[in-house]
Each structure stands twice: as C-alpha cells, then as structure tokens.
2 protein chains.
Amino acid sequence: MNISDVASSTGLPVKTIRYYEDIGLIAPARSANGYRQFSDSDLHKLAFIGRARSLGFGIDACRDLLRLYNDQTRASADVKKLAQSHLGEIDRKIAELGQMRATLSHLVDACAGNDRPDCPILADLAADRSKA
Amino acid sequence: MNISDVASSTGLPVKTIRYYEDIGLIAPARSANGYRQFSDSDLHKLAFIGRARSLGFGIDACRDLLRLYNDQTRASADVKKLAQSHLGEIDRKIAELGQMRATLSHLVDACAGNDRPDCPILADLAADRSKA
DNA sequence: GATAAGGCCTCCAGTTACTGGAAGGTCAAG
DNA sequence: CTTGACCTTCCAGTAACTGGAGGCCTTATC
C-alpha cells in the first residue's frame, strides 16, 4: 500500500503520516524505489493514533497508549490513569473557555453594534483593574 | 518605568512584554543606556492587550482591537463583529472539547482500572471503523 | 522513444504565542 | 571594587503539523 491509499483509508493527510514516521510513531517498510510500503499493521497503528488524536490525546500520550496496547501484560489501571489525566486537562480547558465565553457573551450583548463609537467591549478591555 | 515594574503591574512576564515589542504591539521609548522606558500609555496598552488575551483573543485580534480602541470614529458594530466571531470560535472549541469529554468519560467509566489487561479504552481506540 | 501527468521522495520554512537560556552591559549598595 | 540584581540581544525550542520547492518514479498516450 502506498501512502496516498493509507491517507484515504485512515483519513489522515499524507503529510501527517510522513510526520508520524519522522517522529517514530510508525516505521513502514520501503520498496526498492524508496516508496513507503504500509502493512496492515501500519495501517492499524495509524488508525489507532488518528482516533486517539481525535480524542485530544497528545502525541506523547499516543505513544504511551500504543505501547500499552502492544503490551499484553498491561494493567487497565495504567490506561485509565492516562485517560483520566487527559480528561482532567479537557475539563480544565472547558472551564477556561466557559469562563471566557461567559464574560465575552455578556460584553457582546451589552454592545449596541451600531455606527456609534461607544462600546462596552472596548471599555471593559481598557478598564483600569489596578485596585489600590 | 523599567520593564520589570511594568511586568509586575500588568501581570505580564518580562519576556512577553519584549515579545510584544518585537511584533510591533508596543513601541516603548529607550533611555540612554538602552533600557526600555515605558510610559503610562504603554502600560495601558499592555493591560489592554493582557485583558484581551485573557479573553482568548489572538494577537492579530488584539492588534485590531487596539486599532479600534484608538480610532475615535470607530463603529461599535465593528468591535461587536470581531467579538462575535471570536465567541463563535470559542463555542466551536467548547463543542469539540465537550464531544471529546463525553466519549472519553464514557470510556473511562467503562474501564475497570485494575491489574487485568482488558481495557475498553484501548479496545475503542483499536476498533475498526472502516465500515465497508 | 518522447512526453506529460500524477505520485512519491527529501528538506526547509512557517505557523501561535511565547519561553528558556547564554553572553554580556549597567546600576546601586556596601 | 566587587557583588547581585537589573537590563540588553540573539538563538533555540515548544506542539503538531502544513506548504512549497526541487527532483525522482511510474503510467499512459502519441
């Protein structure tokens, strides 16, 4: 299988697949002409990584997950720990974005959005927050 | 005012302030010894940027906001449009993270988290999603 | 056999918004 | 006069790709 076939079957861009080889996530064979030859195992690995990435796991976490996946003696506790830690990260980000959203949405609602220059959004950004 | 005073009064790291000068957000004066001398206006600008950044606006958006702020003939509609667009971005991100959170949380709940190797999380990641 | 299209290759640079560190000048205190 | 805290610039690295240049390889067509 050539790289573009793998790309269309995993949904990953060709460039991304090459990049994953660069950083050592996969190591596809090469044919005589230098083209990458992907095995079913490579394909499977890439799909695995793609799925993990789509759940927001970072590359290093993907590496860990792949290692755990290939380790028959793993404890599910280790996987769970990794996933929980990532879940915590996600929750933190959601909370942060939610906070931004609340403030910003409030400001947007307060803004007339007309031809006049008066704007509560700019007023908020420029407000002096140095108390004392 | 020297840079470290500005840093402590704006809450921005010294490095970040220098970076903001590099990319042209501010242009503090220099004293004879080459030290940056920050005016009240510089300070105000930095506080403005810091606040905008904390609401998740990107650097380019900050530039636009600053420009609008300094333009007495602005229309609040332009500010609102910018803010709404950013709000949309935030909503998109929250939705994406929420989706991840839902899936991941489901998987984490399903995982025993014990010494056994069986793990629904890994099973999900490895699942063949190629529906022919 | 020539050529053109398309796929593949590598390598380099750019993206976002900083952050860390090295090498070195400046300033106030003791 | 030296120590330590500032300040300066410049270079490199972060996360995870993405775009593009320059150049083989392959396949189809004339």
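Atom set for the values below is all heavy atoms of this structure, side chains included, hydrogens, waters and symmetry mates excluded. Just so it is clear: chains get the letters A, B, ... in the order the sequence lines come, proteins before strands, and each one is counted from 1.
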Would you kindly give the [atom1]-to-[atom2] distance between [X] and [N], to the nearest whole Å?
X: A/K15; N: C/dT15; atom1: NZ; atom2: P; result: 15 Å
X: B/D22; N: D/dC10; atom1: CG; atom2: P; result: 9 Å
X: A/I17; N: D/dC17; atom1: CD1; atom2: P; result: 11 Å
X: B/L46; N: C/dC18; atom1: CG; atom2: P; result: 12 Å
X: A/M1; N: C/dG7; atom1: CE; atom2: C1'; result: 15 Å
X: A/F57; N: D/dA15; atom1: CZ; atom2: P; result: 17 Å
X: B/Y35; N: D/dC6; atom1: OH; atom2: P; result: 11 Å
X: A/E21; N: C/dT10; atom1: CD; atom2: P; result: 7 Å

Between B/S105 and A/L87, is there a side-chain heavy-atom distance shorter than 4.5 Å?
yes
Flag side-chain contact, heavy atom, 4.5 Å: B/F48 against B/L65:
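The answer is yes, as the side chains (C-beta and beyond) meet within the 4.5 Å cut-off.
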Regarding A/E89 and A/R92, does a basic nitrogen lie under 4.0 Å from an acidic carboxylate oxygen?
yes
Between B/K81 and B/D78, does any NZ, NE, NH1 or NH2 come within less than 4.0 Å of an OD or OE carboxylate oxygen?
no
From C-beta outward on [X], which listed nucleotide comes closest to its side chain: [options]?
X: A/Y19; options: C/dT19, D/dA16, D/dC7; result: D/dA16
X: B/N2; options: C/dC8, D/dC7, C/dC18; result: D/dC7
X: B/N33; options: C/dA17, C/dT19, C/dT26; result: C/dT26
X: A/I3; options: C/dC18, C/dT26, C/dC8; result: C/dC8
X: A/I59; options: C/dG7, D/dC17, D/dC7; result: D/dC17
X: A/R18; options: C/dG7, C/dT10, D/dT8; result: C/dT10
X: A/R30; options: C/dT10, D/dC7, D/dT18; result: C/dT10

Would you kindly compare B/R36 and A/T16 by the position of their nearest DNA chain D nucleotide and give the one closer to the 5′ end?
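Nearest-nucleotide comparison on DNA chain D picks B/R36.
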Mapping A/D5 and B/R53 to their closest nucleotides on DNA chain C, which lands nearer the 5' end?
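The residue mapped nearer the 5' terminus is A/D5.
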For the residue pair B/N2 and B/S4, confirm or rule out a side-chain donor-acceptor distance under 3.5 Å.
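Distance-only check fails for B/N2 and B/S4.
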When rounded to the nearest 0.5 angstrom, what distance separates CG in B/L97 from CD1 in B/I94?
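It comes to 8.0 Å.
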Terminal helix-axis angle for the helix from C/dG1-D/dC30 to C/dG30-D/dC1, with five pairs defining each axis and rounding to 10 degrees
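The angle separating the two end axes equals 30°.
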Is any side-chain nitrogen or oxygen of A/Y20 closer than 4.0 Å to OP1 or OP2 of D/dC17?
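Answer is yes, contact under 4.0 Å.
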Can you hop from B/Y35 to B/L46 via hydrophobic side chains spaced under 4.5 Å?
no
Under the salt bridge (Lys or Arg N to Asp or Glu O under 4.0 Å) test, residues paired with B/D42 that sit two or more places apart
none
